[in-house]
Amino acid sequence: SHIRHAWDPHKSVAQNLAEMGLAEDPNKAIPIPKKLLGMEVESDGQQPGKKLVRKPYVVNEMELEASLPEKKSNTLSRDLIDYVRYMIQNHGENYKEMARDEKNYYQDTPKQIKRKINVYKNFYPEEYKNFIESLKAEKMEVQ
């Protein structure tokens, strides 16, 4: 979006990018020294002329945007949450019983079920803690 706002439709791509301080061709922007290619050639001592950057704010805004921390948008599916809660509610921590449960549609092994429960614990630690406490409260009321 930063490039789009600074773009001048009356200029060429090369001119627009040069004004923003961006490279059109990465091979020309950072050339590979001939020494690395196995050929040693003496240079004339001439440095390619530096281009005038008229819109440095574009690069600055892009760098600022890139430096922002990434938002964590990982969530678990509602089906997986319901599955884990059902298994814990009916079987506690007996993973072998969970594997034999009729609601184990995908025929998960006890280790796979344990892994899914641990994923749920890591994603929603507060919700898991409250759920376990509510189960303990229900058991106390029944007794």
Side-chain angles (χ1 to χ4, degrees), residues 1-140:
S1 67
H2 303 296
I3 295 173
R4 189 177 302 125
H5 292 298
W7 196 264
D8 185 1
H10 303 292
K11 294 183 180 177
S12 70
V13 173
Q15 289 172 333
N16 272 307
L17 292 176
E19 282 185 355
M20 292 178 215
L22 301 173
E24 178 188 12
D25 184 4
N27 294 323
K28 291 179 183 175
I30 305 174
I32 299 173
K34 298 207 184 243
K35 194 184 295 182
L36 292 177
L37 296 175
M39 298 178 261
E40 294 199 25
V41 178
E42 287 187 29
S43 63
D44 312 3
Q46 294 179 357
Q47 294 243 339
K50 293 215 172 197
K51 295 181 181 175
L52 181 64
V53 179
R54 292 186 184 152
K55 300 177 183 176
Y57 62 90
V58 175
V59 174
N60 294 338
E61 288 172 355
M62 289 174 66
E63 285 176 351
L64 180 69
E65 189 176 315
S67 69
L68 294 175
E70 195 172 315
K71 292 181 182 177
K72 188 176 180 183
S73 62
N74 296 338
T75 58
L76 298 178
S77 68
R78 189 76 236 161
D79 291 338
L80 180 66
I81 293 170
D82 293 340
Y83 172 77
V84 167
R85 290 176 69 115
Y86 169 82
M87 290 297 186
I88 293 172
Q89 191 170 6
N90 291 321
H91 304 291
E93 291 194 15
N94 189 343
Y95 301 109
K96 287 184 180 180
E97 258 185 52
M98 290 179 194
R100 286 190 226 110
D101 192 293
E102 64 183 17
K103 294 249 179 168
N104 184 7
Y105 300 126
Y106 297 109
Q107 298 182 356
D108 292 330
T109 64
K111 279 190 174 183
Q112 289 172 323
I113 294 171
K114 184 176 183 177
R115 198 174 309 123
K116 286 182 181 182
I117 291 172
N118 286 334
V119 167
Y120 174 70
K121 284 181 191 178
N122 292 335
F123 268 85
Y124 304 105
E126 289 295 319
E127 187 178 317
Y128 176 76
K129 193 168 83 175
N130 294 337
F131 177 64
I132 296 298
E133 288 175 8
S134 70
L135 287 178
K136 289 179 182 174
E138 285 179 20
K139 286 183 182 177
M140 297 285 272

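In this text the structure is predicted, and so the values were computed from the model without any measurement. The first residue in the sequence is number 1, and the count goes up from there.
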For atom CG of Leu68, is the number of surrounding heavy atoms from other residues, nucleotides or ligands below 6.0 Å larger than 12? yes
Does the side chain of Tyr95 reach to within under 4.5 Å of the side chain of Met98, using non-hydrogen atoms? yes
Non-hydrogen side-chain atoms of Val84 and Lys121 separated by less than 4.5 Å: no
Rounded to the nearest 0.5 angstrom, the CG-NZ distance for Asn118 and Lys111 is 12.5 Å
Which value, rounded to the nearest 0.5 Å, describes the distance between Asn122 atom CG and Leu76 atom CG? 9.5 Å
Within the 3.5 Å criterion, strictly below it, is a donor on Asp108 or Tyr83 matched to an acceptor on the partner's side chain? yes
Which atoms form the tightest heavy-atom contact between Ala99 and Thr109, and what is the distance? CB-C, 4.4 Å
Report the distance from atom OG of Ser1 to atom NE2 of His5, rounding to the nearest 0.5 Å. 5.0 Å
Going through the checks in order, is the side-chain contact (heavy atoms from CB on, under 4.5 Å) test met by Met87 and Asn104? CA-CA 9 Å; Met87 290 297 186; Asn104 184 7; 4.0 Å; yes
Contact between Lys116 and Val119 at the side-chain level, heavy atoms closer than 4.5 Å - yes or no? no
Point-to-point distance, once rounded to the nearest 0.5 Å, from CD1 of Ile113 to CD of Glu97: 11.0 Å
Minimum heavy-atom distance between Asn16 and Trp7, given as atom pair plus value: ND2-CE2, 3.3 Å
Exercise: identify the closest heavy-atom pair between Val59 and Met20: CG2-O, 2.9 Å
Do Thr75 and Tyr124 have side chains that approach each other closer than 4.5 Å (heavy atoms only, starting at C-beta)? yes
In terms of heavy-atom contacts, does CD of Glu93 have more than 12 from other residues, nucleotides or ligands at under 6.0 Å? no
Could you go through Gln89 and Phe131, starting from their C-alpha distance and side-chain angles, then the distance that decides it, and tell me whether this counts as side-chain contact (heavy atoms from CB on, under 4.5 Å)? CA-CA 9 Å; Gln89 191 170 6; Phe131 177 64; 4.1 Å; yes
Could you tell me the separation between the CZ atom of Arg100 and the NE2 atom of His91, rounded to the nearest 0.5 Å? 10.0 Å
Test side-chain contact (heavy atoms from CB on, under 4.5 Å) applied to Lys103 and Asn90, step by step: CA-CA 11 Å; Lys103 294 249 179 168; Asn90 291 321; over 6 Å; no
So, taking the atom named CG in Leu22 and the one named CE in Met62, what distance separates them when rounded to the nearest 0.5 Å? 5.5 Å
Residues Glu24 and Leu17: closest non-hydrogen pair is CA-CD1, 3.9 Å
